[in-house]
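Atoms within a ligand are numbered from 1 in the order they appear, just like the ligands themselves.
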Amino acid sequence: MPIKLTYALPVDQTGWKIEGKSETVLSWTYDNSRDELLALYDKGKRRQWNADYRIDWSPDLPEDNPMEMPDVQVPIFGSPIWDKLNEKERGRFRRHMQAWQVSQFLHGEQAALVCVARIVTLVPDMDSKFYAATQVMDEARHVEVYSRLLREKFGLAYPMTPALTRIFDTVLRDSRWDFTYLGTQVLVESLGLASFQRIRNQSKNVLAQTINAYVMQDEARHVAFGRLALRDLYPQLTEAERKEREEFVAEACFLLHSRLDFAELWETVDLPRQACVDFVMTSKFLTQFRGALFRRIAPTVKYVGLLGPTLTKAFEQMDVLKYADFDLEARMEEDDRMAREMTQRFAPAAAKKGKGEKGKGDGPS
Ligand SMILES: [Fe+2]
Ligand SMILES: [Fe+2]
């Protein structure tokens, strides 16, 4: 049953129109495909899942902790501010914080949908167009699930954060396709994956676990696509062109590193903004989250050949260079394995409850 979303903060832009020059590239070369990209395209076709059958949407979620997350995942957990709140105030905070998080997923997925649709038109190679087309569908399904989660289980939403807005604004104004890849497939998807991972692993709620595990399985393909496409392109660029890319990634990383402070949230839930931000910026919560984020960004940047002097210096300043050699492929295989396990465990029952085709799943995975 669709429910209208109530925004906790005024949404001053109900829509977002971005003016910019864009190209459309058609290719008449159909026989020059890379095996690795075609394998990803094939996986993308086979692993489309349908949220109506794959996910059991029937349970109501607890009002005071919808995703049933442990309190150590509250950014101000352990602070005098948190200690002073009574149980009712804590419940209100958990609900708003989780709505804030899922809202970022939802808006980020919509922006990713638009970005990847642009990749279909911008990218010159037919194999990349094929693969990106499957990703457009993936992102549409992700918008669908987070929108449904927010509308049916929260009824509450927040606008996109200024940091995310700025990254997407830059990417969507630039007509070079690799900037769209960098912004979406490398930066924002890594941010999404670090956040989804936290919920998949820590939530006690099957709906929250499964949504995030299944989305992560798709996102791992998206990151793999970005890695393959950029790895082929960057060795061909000039030094100046590569430096421009490094500067863009460095600026976005500084933004992600320094602005993970939930700044829009505090006053809405009647908490002292500056004191909360000050606590969060040195909290264990944020240190762990930054680790999870840069374990995904830094190895990817290195893999595509963009870890030159500018980014090395930026990563050193943020103390995240140590993650550049992290085994991201093993992490992504783990993401895939966990999604397959959850599918086996929960999908048959969800399919029985799904509307329409009783007892049918949503295809092989
Ligand atoms: Fe997505
Ligand atoms: Fe994605």
Side-chain angles (χ1 to χ4, degrees), residues 37 40-51 54-55 101-123 128-150 160-161 164-165 167-168 171-172 177-200 208-230 252 256 292-293 296-297 299-301 303-304 328-329 331-333 335-336 338-339 342-343 362 365:
L37 266 179
L40 267 184
Y41 170 60
D42 182 57
K43 228 183 203 183
K45 284 190 294 182
R46 283 186 290 113
R47 292 202 170 170
Q48 298 283 327
W49 45 272
N50 185 334
R54 176 71 75 91
I55 293 164
Q101 274 182 323
V102 179
S103 300
Q104 303 318 312
F105 300 166
L106 172 59
H107 306 317
E109 294 291 357
Q110 188 195 159
L113 166 66
V114 172
C115 283
V116 185
R118 283 180 88 231
I119 289 178
V120 176
T121 64
L122 280 171
V123 74
S128 294
K129 286 184 192 292
F130 275 11
Y131 174 75
T134 67
Q135 189 178 334
V136 170
M137 187 60 199
D138 290 345
E139 305 300 5
R141 292 183 299 98
H142 299 171
V143 175
E144 178 198 341
V145 289
Y146 287 119
S147 159
R148 190 167 172 182
L149 179 63
L150 264 191
M160 186 186 262
T161 63
L164 260 187
T165 306
I167 293 173
F168 277 120
V171 161
L172 284 165
W177 61 264
D178 70 294
F179 272 78
T180 310
Y181 276 61
L182 274 178
T184 330
Q185 319 288 84
V186 177
L187 297 166
V188 178
E189 305 221 310
S190 297
L191 178 65
L193 282 162
S195 311
F196 305 149
Q197 175 186 330
R198 181 174 286 250
I199 298 171
R200 178 197 64 188
Q209 286 171 5
T210 49
I211 287 177
N212 287 288
Y214 301 156
V215 168
M216 287 184 77
Q217 191 177 34
D218 295 341
E219 300 298 354
R221 284 197 304 278
H222 305 171
V223 174
F225 171 48
R227 281 158 56 101
L228 284 174
L230 295 178
L256 294 177
L293 173 61
R296 293 193 184 259
I297 292 179
T300 303
V301 164
Y303 180 88
V304 300
L328 184 58
E329 278 169 34
R331 171 64 50 93
M332 291 197 295
E333 277 167 25
D335 294 340
D336 190 58
M338 288 181 79
M342 282 196 201
T343 305
D362 48 16
S365 61

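His142 contributes ND1 as its N, O or S atom closest to the Fe ion (ligand 1). Closest approach between the Fe ion (ligand 2) and any N/O/S atom of His222 involves ND1. Its N, O or S atom nearest to the Fe ion (ligand 2) is what matters here, and for Glu189 that atom is OE2. Here the N, O or S atom of Glu219 that is nearest to the Fe ion (ligand 2) is OE1.
Between Arg47 and Asp138 there is no salt bridge, since no side-chain N of the basic residue sits under 4.0 Å from a carboxylate O of the acidic one. Ion pairing between a basic and an acidic side chain is recognised when a charged N comes within 4.0 Å of a carboxylate O; Glu219 and Arg296 show no such pairing.
Judged as a side chain to side chain donor-acceptor pair (under 3.5 Å), and not counting sequence neighbours, the contacts of Glu139 are Gln135, His142, His222.
Atoms OE1 of Glu139 and OE1 of Glu109, as seen from the Fe ion (ligand 1), are separated by an angle of 90°, to the nearest 10°.
Counting non-hydrogen atoms of other residues, nucleotides and ligands closer than 6.0 Å to CD of Gln197 gives a total above 12.
Rounded to the nearest 0.5 angstrom, Arg198 CZ and Leu293 CG are separated by 10.5 Å.
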